[in-house]
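Just so it is clear: chains get the letters A, B, ... in the order the sequence lines come, proteins before strands, and each one is counted from 1.
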Protein chains: 2
Amino acid sequence: MVQGSRVEIVHQALRRAIVEQALEPGAKLPEDAIGERFGVSRTIVRRALERLAAEELVAMQPNRGASVVAPTLEEARDLFEIRMELEDVVVRRLCGRLTAAQIERLKSAVAGEQEAHLQRRRDYIRLSGEFHVILADMTESPMLRRYLRQLVWRSALVLRLHGRPDWEDCNVHEHHALIAALIAGDVEQCRRLMAAHLRAVLTRGLKGGGARSEPSLWDILAVYAAPT
Amino acid sequence: MVQGSRVEIVHQALRRAIVEQALEPGAKLPEDAIGERFGVSRTIVRRALERLAAEELVAMQPNRGASVVAPTLEEARDLFEIRMELEDVVVRRLCGRLTAAQIERLKSAVAGEQEAHLQRRRDYIRLSGEFHVILADMTESPMLRRYLRQLVWRSALVLRLHGRPDWEDCNVHEHHALIAALIAGDVEQCRRLMAAHLRAVLTRGLKGGGARSEPSLWDILAVYAAPT
DNA sequence: CGCTGACAGATCGTATACAATCTGAGTAGA
DNA sequence: TCTACTCAGATTGTATACGATCTGTCAGCG
């Protein structure tokens, strides 16, 4: 009576592991080992990896296997720019139109974030992204939902790779303010808050010369790879 | 010296067949038959189908195999709404910033469309979508490029399913006007033209009670499936 | 006459076998 | 000492075999 096939199970498990940053960017994902761990054959694992590759959470190189993607700084910025555009669409659609039930759902989601943050739980990052996924869901636009999910997932990866380990960058207040503005129904205010929020996430995440941030080989070699 | 693996070949071939509407929406895609046609095993075909499923060009049902998706009218509208948002981003980024080479490329693309249209070639629909893909490419944003490609491909499918077979709905003039506005550099004018263009495509495609448009079973039964 | 259940054919889901490819260690030669 | 080559071990790429599931047909029963 499992709702999902075995491929689905492996797929989602790996995605969670990536989004929650249990699997580091760049980590190798050998088919054999994963298959053994989940008790399935390589066929299943390969299909799950292929799906993750379609979501651009893992990269597959021919004859070299799969590994967790390690987006460059440039890709990270591009990601957030597009995400800002789509989140802008979301707030424009939602502003002043939230039902009581939706408001309740958003508030409990933020409460969950707060708790995870206070307890310094590993899933804080996932939860604080989940807030945006919930917002996207409420637009009832399958496309918006779909694309924003992917962008949010990849964002988590990016922040892990280029971000600081600070527990101080807390989204809870900004999420609260956003909910209030959505209820109030001032579109421009909503857009401003969302844009500011995302910009804050990005700069908090990227700008701080992270204690943890190991620049990727690609970035490192950028200087040295200049022609002639 | 093929650039892509065999999976890639089958994947792209099937996609072209779908986008060019050689494969009707709803068409079954049996793994055996396709494998035999391309001279590969089911393993390869299945992976190609899985990729197409990730792009939402085919739907895979457990134990029922794959078939070309047949988006509902509602999904079609959603698709175009999101596409309009992203195309808006594209023109905002490109307006007044086109290089001479880019202008040349766009013009020759439109010329190609025109030719295909005059000759009533099957690939006209693909080419007229390609114009938008080229624009997206020029933004140099991998994300924008990626998402817009998917949206354009799916658009072709939607227009086939719900559209009229008219050869009169020609995009060439609107594409020309758009290029001119992008060169001129008037952002608001660009946005207006793009929005009008897409709205025109949608209404030309969907509104006209198409001679060919068979409403899907789902739509048909909507009235009859009301509770109690 | 209509319904139920069994069966055959087709199609899909998964595991596994074998070939191809890559990686790194070790060795021979300059 | 350094370079180039070879080869074993590990890992992936692909085909295929076998079991599971679905669909449609047809006989048996009410």
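- Contact annotation: A:Ser41 reaches the phosphate of C:dA15 (side-chain N/O to OP1 or OP2, under 4.0 Å).
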Under 3.5 Å donor-acceptor pairs involving side-chain atoms of residues 147-154 of chain A, not counting sequence neighbours:
{"unit_1": "A:Tyr147", "atom_1": "OH", "unit_2": "B:Gln150", "atom_2": "OE1", "d": "3.2"}
{"unit_1": "A:Gln150", "atom_1": "OE1", "unit_2": "B:Tyr147", "atom_2": "OH", "d": "3.2"}
{"unit_1": "A:Arg154", "atom_1": "NH1", "unit_2": "A:Glu56", "atom_2": "O", "d": "2.7"}

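- Legend: residues meeting salt bridge (Lys or Arg N to Asp or Glu O under 4.0 Å) with A:Glu87, ordered by chain and number and at least two apart, are A:Arg83.
- Protein atom CD1 of A:Ile9 is 10 Å distant from nucleotide atom P of C:dT14, rounded to whole Å.
- When atom types are taken as modelled, the side chain of A:Asp123 and the backbone of A:Ala116 share no donor-acceptor pair closer than 3.5 angstrom.
- Between A:Ile44 atom CD1 and C:dC12 atom C1' the separation is 12 Å, expressed in whole Å.
- Taking atom CG on B:Leu29 and atom P on C:dT11, their separation rounds to 13 Å, with Å as the unit.
- In this structure, the CG atom of B:Leu49 is 9 Å from the P atom of C:dC12, given to the nearest Å.
- A sub-4.0 Å separation between OP1 or OP2 of D:dT14 and a side-chain N or O of B:Arg47 is present.
- Under the salt bridge (Lys or Arg N to Asp or Glu O under 4.0 Å) criterion, A:Arg126 pairs with A:Glu20, A:Glu130, not counting sequence neighbours.
- Shown here are the salt bridge (Lys or Arg N to Asp or Glu O under 4.0 Å) partners of B:Glu81, two or more places apart in sequence or in another chain: A:Arg93.
- Distances shorter than 4.0 Å separate some side-chain N or O of B:Arg6 from OP1 or OP2 on D:dA15.
- Counting only distance, with no hydrogens or angles, the side chain of B:Glu85 and the backbone of A:Leu86 share no donor-acceptor pair below 3.5 Å.
- Residues of residues 59-68 of chain B having a heavy atom closer than 4.0 Å to DNA chain D, listed by number: B:Asn63, B:Arg64.
- What separates CD of B:Glu36 from C1' of C:dT11 is a distance of 14 Å, to the nearest Å.
- When the side chain to side chain donor-acceptor pair (under 3.5 Å) test is applied to A:Gln61, no partner is found at least two apart in sequence or on another chain.
- Per the geometry, CD belonging to A:Glu31 stands 16 Å off P belonging to D:dA10, to the nearest Å.
- Atoms CZ (A:Phe38) and P (C:dT14) sit 15 Å apart, rounded to a whole Å.
- One can place CD of B:Glu8 at 16 Å from C1' of D:dT14, the figure rounded to the nearest angstrom.
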